[in-house]
A.B. asks: 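Encoded as structure tokens, here's the structure I'll be asking about.
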Number of protein chains: 2
Amino acid sequence: MRIGELAKVTDTPARSLRYYEEQDLIIPRRLPNGYREYDEYLINRVNQIRGLIDSGLPTKIIRQILPCVDKSPAIHPGDATPELLAVLEEQRDRMTQRIDCLTRNREAISNYIDVVSETITASTDTGAA
Amino acid sequence: MRIGELAKVTDTPARSLRYYEEQDLIIPRRLPNGYREYDEYLINRVNQIRGLIDSGLPTKIIRQILPCVDKSPAIHPGDATPELLAVLEEQRDRMTQRIDCLTRNREAISNYIDVVSETITASTDTGAA
DNA sequence: TCAATGGTTGACACTAGTGTGAAGGTCAAA
DNA sequence: TTTGACCTTCACACTAGTGTCAACCATTGA
């Protein structure tokens with residue numbers, strides 16, 4: 001598929017797809033006319049990337065963890081240096097922190113929503129101002 | 001406490017604290033000489049803010065959800081408009097998405113780390129190249 | 001053949017958050 | 001009283017990710 005279709009199915013601006021390529025997150029093949037050609041399995045990867053960016057990870061980090069997370073083509077734990085291992089462990093821990101922070105705050109928001117909803121419902125029911 | 005101490009205990013650049021103030025996330029009192037004066041309870045709030053920023057939330061959103069999440073001074077569900085409620089629900093859902101994405105990827109990384117660690121251990125044990 | 005559509009690169013601009021430095025005020029200690 | 005640490009505002013710059021536009025090439029269909 002070409003960039004327009006990938007953009008459509010992943011709901012991602014083509015501009016971003018080119019940027020991800022520039023950051024070596026996705027390397028599409030090229031058609032004879034120079035057009036980018038994307039394989040099906042890259043749909044998942046794009047969604048993966050977008051989710052991680054939205055969760056605060058910079059592309060530089062995503063590039064490092066992507067091969068470990070990517071299920072599509074060959075997984076290659078062959079070139080795993082101790083340095084990469086250290087990076088991965090650090091990122092795993094940072095992700096844990098993010099998850100905890102988000103979870104705490106989501107619970108608080110949910111609580112708040114529940115309380116407020118009840119209040120609104122009650123005041124509506126009783127006709128109170 | 002003044003900005004320097006708050007910066008130290010929260011491990012946050014004073015520059016950022018001033019920026020958060022500019023974004024109406026934290027409004028310190030002012031001493032007679034113009035210095036910023038922060039209450040103890042703001043330590044938590046700073047950590048909250050940093051965690052959320054690190055998790056991908058922009059300050060504009062944080063400003064909206066902070067009153068609902070903040071446990072320190074008075075919680076005021078009084079001024080909860082339906083619009084705010086909608087914002088909160090949307091953010092709650094986006095946070096759920098982030099949590100899911102981070103969780104999935106963290107698991108994948110953990111898995112990878114385990115596999116690679118075993119490989120390294122094994123090759124070390126057997127003396128294999 | 002010409003228009004429409006979609007692809008290419010390149011450049012400039014913008015927001016968010018932070019780094020950094022200038023120029024200056026405050027205050028405690030020597 | 002002067003030094004030094006800490007504070008103030010202002011401003012410029014930088015990275016990351018994206019928007020947007022210009023100028024141009026490719027493919028398709030009327």
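Each chain gets a letter, A, B and so on, in the order its sequence line appears, and its residues count up from 1.
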A.B. asks: When you measure from the side-chain N and O atoms of A:Asn33 to the phosphate of D:dT27, is any distance below 4.0 Å, counting only OP1 and OP2?
C.D. replies: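 Indeed, a polar side-chain atom of A:Asn33 lies that close.
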A.B. asks: Check the distance between C:dG17's C1' and B:Asp24's CG and give it to me in whole angstrom.
C.D. replies: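 The answer, rounded to whole Å, is 16 Å.
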A.B. asks: Is any side-chain nitrogen or oxygen of B:Tyr19 closer than 4.0 Å to OP1 or OP2 of C:dT18?
C.D. replies: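 No, outside the criterion.
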A.B. asks: Is B:Asn33 reaching over with its side chain to a backbone N or O of B:Tyr35, donor-acceptor style, under 3.5 angstrom?
C.D. replies: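 Answer holds: yes.
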A.B. asks: With heavy atoms under 4.0 Å as the rule, sort A:Arg18 into base, sugar-phosphate or nothing.
C.D. replies: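 Counting heavy atoms under 4.0 Å across all strands, the contact made by A:Arg18 includes a base.
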A.B. asks: Give the rounded distance in Å between these two atoms: CE of B:Met1 and C1' of D:dC6.
C.D. replies: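 Whole-Å distance recorded here is 15 Å.
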A.B. asks: A:Glu22 has an atom CD; how far is it from atom P of C:dT8, in whole Å?
C.D. replies: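 One finds 14 Å between P of C:dT8 and CD of A:Glu22, rounded.
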A.B. asks: Output the rounded distance in Å from CD (A:Glu21) to C1' (D:dA16).
C.D. replies: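 Whole-Å distance recorded here is 18 Å.
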A.B. asks: Measure across A:Gln64 and A:Cys68 and return the closest heavy-atom pair with its distance rounded to 0.1 Å.
C.D. replies: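 So the two residues come closest at O-SG, 3.8 Å.
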A.B. asks: Could you tell me how far apart A:Lys8 (NZ) and C:dT5 (C1') are, to the nearest whole angstrom?
C.D. replies: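 Distance check: A:Lys8 NZ to C:dT5 C1' gives 11 Å.
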A.B. asks: Other residues, nucleotides and ligands only: do more than 12 of their heavy atoms fall within 6.0 Å of CG on A:Asp114?
C.D. replies: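 Counting neighbours around CG of A:Asp114, more than 12 heavy atoms of other residues, nucleotides or ligands fall under 6.0 Å, so yes.
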A.B. asks: Under 4.0 Å: is that the gap between some side-chain N or O of B:Arg36 and OP1 or OP2 of D:dT9?
C.D. replies: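 True: B:Arg36 side-chain N/O within range (under 4.0 Å) of D:dT9 OP1/OP2.
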A.B. asks: Does A:Ser16 place a side-chain N or O at less than 4.0 Å from the phosphate oxygens OP1/OP2 of D:dG17?
C.D. replies: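 So the side chain of A:Ser16 is outside the cut-off, no N or O lying under 4.0 Å from OP1 or OP2 of D:dG17.
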A.B. asks: When only distance counts, do a donor and an acceptor, one from the side chain of A:Tyr20 and one from the base of D:dG17, lie under 3.5 Å apart?
C.D. replies: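 Between D:dG17 and A:Tyr20, which were checked side chain against base, a qualifying N/O pair under 3.5 Å is absent.
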A.B. asks: How do B:Tyr35 and B:Pro13 order along DNA chain C: which one's closest nucleotide is nearer the 5' end?
C.D. replies: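 The residue whose closest nucleotide sits nearer the 5' end is B:Pro13.
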A.B. asks: Between atom CD1 in B:Ile49 and atom P in C:dT18, what is the gap in whole Å?
C.D. replies: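 My rounded result for the distance is 10 Å.
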A.B. asks: More 5' along DNA chain D: A:Leu57 or B:Arg30, using each one's nearest nucleotide?
C.D. replies: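 So the residue in question is B:Arg30.
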A.B. asks: Which of these passes side-chain contact (heavy atoms from CB on, under 4.5 Å) with A:Tyr20: A:Arg45, A:Arg50, A:Arg15?
C.D. replies: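 Among A:Arg45, A:Arg50, A:Arg15, the one that satisfies the side-chain contact (heavy atoms from CB on, under 4.5 Å) with A:Tyr20 is A:Arg50.
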A.B. asks: How many whole angstroms separate atom CG of A:Leu31 from atom P of C:dG7?
C.D. replies: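 Computing the A:Leu31:CG to C:dG7:P distance gives 11 Å.
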A.B. asks: Can you tell me if A:Thr59 touches the phosphate of D:dA16, counting only side-chain N or O atoms and a distance under 4.0 Å to OP1 or OP2?
C.D. replies: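 For A:Thr59, the contact criterion (side-chain N or O under 4.0 Å from OP1 or OP2 of D:dA16) is not met.
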A.B. asks: Check A:Arg2 against A:Tyr38 and note the closest heavy-atom contact, atom names and distance.
C.D. replies: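 Residues A:Arg2 and A:Tyr38, closest heavy atoms: C-CD1, 4.0 Å.
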A.B. asks: Quick check: on DNA chain D, is the nucleotide nearest B:Ile3 upstream (toward 5') of the one nearest B:Arg15, or the reverse? Name the residue that is more 5'.
C.D. replies: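 The residue closer to the strand's 5' end, by nearest nucleotide, is B:Ile3.
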A.B. asks: Tell me the interatomic distance from A:Glu5, atom CD, to C:dG6, atom P, rounded to whole angstroms.
C.D. replies: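 Atom CD in A:Glu5 sits about 12 Å away from atom P in C:dG6.
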